[in-house]
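A short write-up of the structure that comes next.
Proteins get letters first, then strands, A, B, ... in listed order; numbering begins at 1 in each. Quick caveat, the model's predicted, so the values are computed rather than measured.
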Amino acid sequence: MAKKNQLGVTPLSEDVSAWYNELVFKAELADRGPAKGTMVIRPYGYRIWELLQSQLDQRFKDTGHVNASFPLLIPMSYLQREADHVEGFAPELAVVTHGGGKELDEPLVVRPTSETVIGEMYSRWISSYRDLPVLINAWNNVVRWELRPRIFLRTTEFLWQEGHTAHADEDEAMEETLRMFDVYVEFALNVAAIPMVKGEKTPGERFAGAVRTFTIEGMMQDGKALQSGTSHYLGQNFAKAFDITFQDENNELQHVHTTSWGMSTRMIGAVILAHGDDAGLVLPPRLAPIQIVIVPIGRGEQAEAPLAKCRELAAQLEGLGVRAHVDDRDASPGFKFNDWELKGVPLRVELGPRDLEAGHVLVAQRVGERDDKGRPVKETVEFEEFVTGAPERLDAYHDQLVARATAFRDERSGVADDWDTFAELVGRGFAYALHCGEPSCEDDIKAETSATPRCISTEDGFAGEGTCIRCDRPSVYGHRVAFARAY
RNA sequence: CGGGAUGUGGCGCAGCUUGGUAGCGCACCUGCUUUGGGAGCAGGGGGUCGCCGGUUCGAAUCCGGCCAUCCCGACCA
């Protein structure tokens, strides 16, 4: 058993898994629900989700999408209409067999994803090329029966968004698939401060029912990959299964081409695992419920003036769109410092009688320069300068987290052209290697290294052909495949 | 489903080997003193010891069964 620090959390450096589990509870992000595999997202964690939601939703609106809501319960027979889709989801379905005290004629499944109901509705709504494209997104919850749940990373019920679009032809649908893929990449970097490894899934890792699947994979601090968002080109698979047809300009009947794309509450897990440290959470400012916490210092009458100034500063910060909070709890400053560090607040401000006299605050960054006791080096900043400079300071902090995460990822990743290098790299991060594309060969690699193909990397510098890293058959993708152990 | 572990105040645990009427830390409540890196003292409230059955004068403790949860694998955003 790794020994716990004074926060009661196992150090990240000793046991990432224990650290993660304990931190989720201690930071009050979430709790376990009474039924196995369910989670309660607590207000602090839910605020992160709301911030994620609003910023992602804005991007959907900016790319022409509208929101709608579809039913939770789906007739079992719908799932069965697309062969690959049922096969993929059958093992993880929750099925409702009774309603109103009676056994149902046809069981209903609790949606594991909504392709099928939405397919049914699209077939009703679409009849002409003039109806296309249909660009709808849904924010909802889905249920997938998980054998081994982990809060945020893999729970039986989770929250997400699923975009579903229908287009007249393949080109347009592929363009949409890639557009939303780019939105995820950009969002992950600019909001969650996570530089994603991106690319296309190999056939064996594709979404059930998709023709092509694109994925963003984040690197967590234990070197494991976390799939954080996917965008699928579904071809005409669902159009054929649900008879989604339209008449084109030439009066010919055609099936539409559909896409779907999703990002879930798993992203919160990605943020925890990508940025956190021994002291607790480290939240990127654009997802932080509190961006700046202000701690008044002083006792008795001496506390009143600093507290008033703290409130004034907070109001000014709020005026600039900064989420600021004055911690006026009846607790010692030291307690508050540790508490907010545990909760990952980007910036902390201290303001006591001495500071008030001098007209400045002390500013400490959650991640940044440390003194020899491991405590943040506190910067002295004049009141007005601090307030007006706060937005910029938060942006700089965001950039700092990106730089740190990028350096970590790159240091743990590399190109592998021989098996030993491959095995070593995959033990600590991503290995970019050539692959034959055979599912059985993927299985062998998994059995020997526990690594799986995360994506075919189409990024610069990863083009290549040659022989497979494991079996020496010719490589097939024209690009290297990023392999890693994964959540 | 396989392997491992655990169920005792809200949380974390001890007590079980060797049965005797439940204890510690944190949290909570009251009061006083405190407050620049997890404050101190004093007082106080709160538990059918996972469930069912058995052994016994007596069970948290011994025996049998069941249930649940967690961790490690197989399925997965």
Side-chain angles (χ1 to χ4, degrees), chain A residues 1 4-9 15 17-18 20-22 25-26 28 31-38 87-93 112-113 141-162 184 201 205-208 213 215-218 225-232 260-270 279-280 295-303 306-307 327-342 348-356 361-362 364 370-371 373-376 378 443 446-447 450 452 486-487:
Chain A
M1 249 307 172
K4 297 183 183 186
N5 59 20
Q6 64 168 352
L7 303 171
V9 177
D15 183 344
S17 186
Y20 178 87
N21 287 329
E22 291 162 18
F25 300 132
K26 293 264 176 187
E28 298 180 341
D31 208 338
R32 275 190 258 280
K36 182 185 166 75
T38 61
E87 200 189 323
F89 281 106
E92 38 185 349
L93 292 179
T113 179
N141 57 340
V142 288
V143 168
R144 298 180 185 177
W145 214 256
E146 294 295 346
L147 301 176
R148 196 147 88 73
R150 287 194 77 185
I151 289 191
F152 291 124
L153 301 176
R154 207 187 308 100
T155 42
T156 290
E157 178 191 3
F158 59 89
L159 306 186
W160 75 342
Q161 74 34 234
E162 45 178 325
Y184 288 147
K201 283 292 188 192
E205 297 274 325
R206 240 179 239 150
F207 174 73
T213 289
T215 178
I216 55 174
E217 304 275 330
L226 182 68
Q227 180 175 311
S228 307
T230 48
S231 184
H232 317 287
S260 68
W261 25 273
M263 182 177 275
S264 72
T265 37
R266 172 180 270 192
M267 192 66 187
I268 296 174
V295 180
I297 311 286
R299 59 190 162 99
E301 281 181 19
Q302 288 233 293
L307 179 59
D327 186 355
D328 58 1
R329 288 178 295 177
D330 181 21
S332 73
F335 175 87
K336 294 175 181 177
F337 298 165
N338 285 288
D339 191 43
W340 293 114
E341 284 169 12
L342 176 74
R348 181 186 75 236
V349 165
E350 298 171 30
L351 202 170
R354 297 202 296 266
D355 307 303
L356 191 58
V361 291
L362 299 185
R370 303 285 111 158
D371 65 18
K373 280 186 230 160
R375 290 180 182 142
K378 298 173 188 176
D443 292 345
K446 183 168 189 189
S450 65
T452 50
Y487 274 96

For atom [atom1], what is the distance between [N] and [M], given to the nearest Å?
N	M	atom1	result
G3(B)	G65(B)	P	16 Å
A68(B)	G50(B)	C1'	7 Å
C24(B)	A39(B)	P	23 Å
G10(B)	U33(B)	P	33 Å
C71(B)	A14(B)	C1'	22 Å
C75(B)	C16(B)	C1'	39 Å
C26(B)	G40(B)	P	8 Å
G9(B)	G44(B)	P	23 Å

Using modelled atom types only, decide if a donor and an acceptor are shared between the side chain of [X] and the backbone of [Y] within a distance under 3.5 Å.
X	Y	value
T215(A)	Q227(A)	no
R266(A)	L153(A)	yes
N21(A)	A18(A)	no
Y20(A)	I151(A)	yes
K336(A)	D327(A)	yes

Need one value for [X]: base, sugar-phosphate or nothing, where a base atom within 4.0 Å counts as base even if backbone is also close, heavy atoms only.
X	result
E157(A)	nothing
G262(A)	nothing
A331(A)	base
P376(A)	base

What is the distance, to the nearest angstrom, from the [atom1] atom on [X] to the [atom2] atom on [N]?
X	N	atom1	atom2	value
L226(A)	A77(B)	CG	P	11 Å
D339(A)	G36(B)	CG	C1'	17 Å
L351(A)	G36(B)	CG	C1'	11 Å
D31(A)	G12(B)	CG	P	10 Å
D330(A)	G38(B)	CG	C1'	14 Å
F337(A)	G38(B)	CZ	C1'	11 Å
K373(A)	G36(B)	NZ	P	13 Å
L307(A)	G36(B)	CG	P	16 Å

Taking a pair as Watson-Crick or G-U wobble with both distances under 3.5 Å, which nucleotide is matched to [N]?
N	answer
U18(B)	none
G25(B)	C11(B)
C32(B)	G40(B)
G2(B)	C72(B)
U55(B)	none
G46(B)	none
A60(B)	none

Q. Going from CG on L356(A) to CD1 on I297(A), what distance comes out if it is rounded to the nearest 0.5 angstrom?
A. 12.5 Å

**Q.** Point-to-point distance, once rounded to the nearest 0.5 Å, from OG1 of T113(A) to NE2 of H232(A)
**A.**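 Between atom OG1 of T113(A) and atom NE2 of H232(A) there are 7.5 Å.
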
Q | Sugar-phosphate or base contact per nucleotide [nucleotides 67-76 of chain B; S, B, -; heavy atom under 4.0 Å] | A | --SSSSBBBB

(Q) I'd like to compare against my own output: the B/S/- annotation of nucleotides 26-33 of chain B with a strict under-4.0 Å heavy-atom distance to protein. (A) --------

(Q) Return whichever of T230(A) or L362(A) has its heavy-atom-nearest nucleotide of RNA chain B closer to the 5' end. (A) L362(A)

Q) So which one's nearest nucleotide on RNA chain B is more toward 5', W160(A) or E350(A)? A)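 Here E350(A) is the residue nearer the 5' end.
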
Q | Distance below 4.0 Å between S332(A) side-chain N/O and A39(B) OP1 or OP2 | A |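 True: S332(A) side-chain N/O within range (under 4.0 Å) of A39(B) OP1/OP2.
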
Q. Has F335(A) got its ring stacked on the base of G37(B), with centres under 5.5 Å and planes less than 30° apart?
A. no

Q: Name the closest nucleotide to the T155(A) side chain, picking from A77(B), G37(B), G36(B).
A: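 Among A77(B), G37(B), G36(B), the one nearest the side chain of T155(A) is A77(B).
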
Q. Of all the choices, G37(B), G36(B), A77(B), which nucleotide is nearest to the side chain of F158(A) once you look at every atom?
A. A77(B)

Q: Not counting sequence neighbours, which residues clear ring-ring contact (aromatic ring centres under 6.0 Å, His included) with F158(A)? List them please.
A: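 For F158(A) the ring-ring contact (aromatic ring centres under 6.0 Å, His included) partners, ignoring immediate neighbours, are W160(A).
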
Q: Return the set of residues passing ring-ring contact (aromatic ring centres under 6.0 Å, His included) with W340(A) (not counting sequence neighbours), or none when no residue passes.
A: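 Per chain and number, W340(A) pairs via ring-ring contact (aromatic ring centres under 6.0 Å, His included) with H325(A).
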
Q: Indicate yes or no: at least one non-hydrogen side-chain atom of W145(A) is less than 4.5 angstrom from one of L93(A).
A: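 Not in contact.
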
Q) Quick one: does NZ or CZ of R348(A) land under 6.0 Å from the six-membered ring centre of F337(A), within 45 degrees of the ring axis? A)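 Pair R348(A)/F337(A) counts as cation-pi.
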
(Q) Under 3.5 Å, is there any donor-acceptor pair linking the side chain of K26(A) to the base of G12(B)? (A) no

Q) Do E22(A) side-chain and G12(B) base share a donor-acceptor contact under 3.5 Å? A) no

(Q) Applying salt bridge (Lys or Arg N to Asp or Glu O under 4.0 Å), can you list everything that pairs with D328(A), at least two apart in sequence or on another chain? (A) R311(A)

Q.
Restricting to side chain to side chain donor-acceptor pair (under 3.5 Å), what partner residues turn up for T265(A), sequence neighbours left out?
A.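 Once residues adjacent in sequence are excluded, T265(A) has no partner under the side chain to side chain donor-acceptor pair (under 3.5 Å) criterion.
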
